Amino acid sequence: MPGDHAYALNVDDQVLVEEILPRSGILQRPSPIGRSTQIIAANVDRVLVMVSLKNPRFSDGFVNRALVSAEWRKLPATIVLNKMDLCTGDADRGLKERILKVYGQDGAGYPVFPVSCETGSGTDLLLQHIKGATVVMTGPSGSGKTSLARYYNPSLDLKIGGLNPKTSKGKHTTVSSRLVLLEEKTTLIDTPGLRMFSIENIPGKELQFCFPEFLPFIGKCRFRDCMHMSEPGCAVKSASEKGTIHMDRYNAYRKFIEESVSSNSGNR
Ligand SMILES: Nc1nc2c(ncn2[C@@H]2O[C@H](COP(=O)(O)OP(=O)(O)OP(=O)(O)O)[C@@H](O)[C@H]2O)c(=O)[nH]1
Ligand SMILES: [Mg+2]
Ligand SMILES: [Zn+2]
């Protein structure tokens, strides 16, 4: 598993793994087959949610699910907006501004780094941000995860894929996770692109705690067991109406609650 810590012996120039140490900072996703879960990476300090504004197109649903999943695992998350070299028009600039407002320091509170693996813009700041840490990249296929690993370490023999010209989506080029060592004990884990980050494993009641900007308001609602949907005197809803919590994030929360209710009732 990329990121595992182990005791190993060196026997005749071969590394023999004796024992894998207990894992912390695990990033998981439900397995596409069956109900089990797959571990994407272990002993991780931070998750980089790697997306692009276009080619492939930015998806709030993907980003919100990835962030909720990281919060659930108590892993700090950073959003990396790659392919900024392609974003030159007013519409692109508008989208970038909205993303910063919704997810950045004045919104949900996440660090957001616009970068380009093509021109190198923003990559120094990002490297500074992850210095000394073990970070895992996750994102849709084609967002440029492997390109970033190769940008930082050009000697790496890693395959970079093209995009499907019709859909501008990636071609699922990376098929297994790979640990990449960078300078100053920084470790970057490249993973296969995901179609969608599933959060089905998170109980509905816990979802509110996976939105960090909700935390100052939780416990201040009229009802102690408020789910922040339609209950009167809800402090979270009221903060979203005032704009203290961005309405896009509040609506994402509502959608996840509705999904969790309908998937639970389907199991009965
Ligand atoms: N214009 C531009 N293209 C980029 C940039 N970064 C990556 N690409 C291109 O995007 C395509 C996909 O890049 P990959 O690095 O293979 O993407 P990935 O996220 O690793 O994709 P999977 O392995 O399928 O998950 C390639 O054609 C890259 O050349 C960028 O900053 N700007
Ligand atoms: Mg890749
Ligand atoms: Zn409430």
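Values in this document were obtained by computation on a predicted structure and should not be read as measured data. As the structure lists them, so they are numbered: ligands from 1, and atoms in each ligand from 1.
Looking at atom 17 (O) of ligand 1, its nearest protein heavy atom turns out to be Gly144 N, 3.2 Å. The protein heavy-atom contact nearest to atom 24 (O) of ligand 1 is Ser141 OG, 2.6 Å. Shortest contact from atom 12 (C) of ligand 1 to any protein heavy atom: Gly161 O, 3.1 Å. Of the protein's heavy atoms, Thr174 OG1, 2.7 Å lies nearest to atom 23 (O) of ligand 1. Summary of contacts: the protein heavy atom closest to atom 6 (N) of ligand 1 is Asn82 ND2, 3.1 Å.
No salt bridge links Asp106 with Lys101; every basic N to acidic carboxylate O contact stays at or beyond 4.0 Å. Salt bridge status for Arg65 with Glu259: present, with a side-chain N to carboxylate O gap under 4.0 Å.
Remark: the backbone N or O of Thr174 is not paired with any side-chain donor or acceptor of Lys159 at under 3.5 angstrom. Between the Arg224 side chain and the Gly219 main chain, no donor and acceptor come within less than 3.5 Å of each other. At least one donor-acceptor pair under 3.5 Å links the side chain of Lys220 to the backbone N or O of Pro216. For Asn82 (side chain) and Met50 (main-chain N/O), no donor-acceptor pair under 3.5 Å exists by modelled atom type. Put simply, the side chain of Asp45 gets close to the backbone of Thr134: a donor and an acceptor are under 3.5 Å apart. Judged by distance alone, with hydrogens and angles left aside, the side-chain atoms of Tyr250 form a donor-acceptor pair with the main-chain N or O of His228 at under 3.5 Å. Side-chain atoms of Thr186 come within 3.5 Å of backbone N or O of Gly132 as a donor-acceptor pair. The closest donor-acceptor contact from the side chain of Ser141 to the backbone of Lys171 lies under 3.5 Å. In this structure, Lys145 contributes its side chain and Pro140 its backbone to a donor-acceptor pair below 3.5 Å. Remark: the backbone N or O of Ile130 is not paired with any side-chain donor or acceptor of Arg46 at under 3.5 angstrom.
Residue contact annotation: Gly170 has no non-hydrogen atom under 4.0 Å from ligand 1. A heavy-atom separation below 4.0 Å is not found between Gly139 and ligand 1.
Atom NZ in Lys83 sits 6.0 Å away from atom CG in Asn55 (nearest 0.5 Å).
The distance from ligand 1 to the heavy atoms of Leu86 drops below 4.0 Å at these ligand atoms: 1 (N). The distance from ligand 1 to the heavy atoms of Thr146 drops below 4.0 Å at these ligand atoms: 15 (O), 20 (O). Residue contact check: His172 has heavy atoms under 4.0 Å from atoms 24 (O) of ligand 1. Ligand-side atoms of ligand 1 in range of Ser147: 6 (N), 7 (C), 13 (O), 14 (P), 15 (O), 28 (C), range being under 4.0 angstrom from any heavy atom.
Distances from atom 21 (O) of ligand 1 to the heavy atoms of Gly193, Pro140, Gly142 put Gly142 nearest. The closest heavy-atom contact to atom 10 (O) of ligand 1, among the options Lys171, Lys83, Lys169, comes from Lys83.
Annotation: Cys117 places an N or O atom under 3.5 Å from an N or O atom of ligand 1; distance criterion only. Residue Lys145 has at least one N or O atom closer than 3.5 Å to an N or O atom of ligand 1. Remark: ligand 1 and Val115 share no N or O pair separated by less than 3.5 Å (distance only, no angle test). Taking only nitrogen or oxygen atoms, main chain and side chain alike, Thr191 does not reach within less than 3.5 Å of ligand 1.
Contacts with ligand 1 closer than 4.0 Å are made by side-chain heavy atoms of Asp85 only, the backbone lying farther away. With a 4.0 Å heavy-atom cut-off, ligand 1 is reached by the backbone of Ile160 and by its side chain too.
Each of Arg98, Lys255, Arg249 was compared with Asp60 under the salt bridge (Lys or Arg N to Asp or Glu O under 4.0 Å) criterion, and only Arg98 meets it.
At a cut-off of 2.8 Å, Ser141 does not coordinate the Mg ion (ligand 2) through any N, O or S atom. Distance check for Ser147 against the Mg ion (ligand 2): none of its N/O/S atoms falls below 2.8 Å.
Per residue His228, closest N, O or S atom to the Zn ion (ligand 3): atom name ND1.
Here the Zn ion (ligand 3) is the vertex; the SG atom in Cys234 and the SG atom in Cys221 give an angle of 110° (to 10°).
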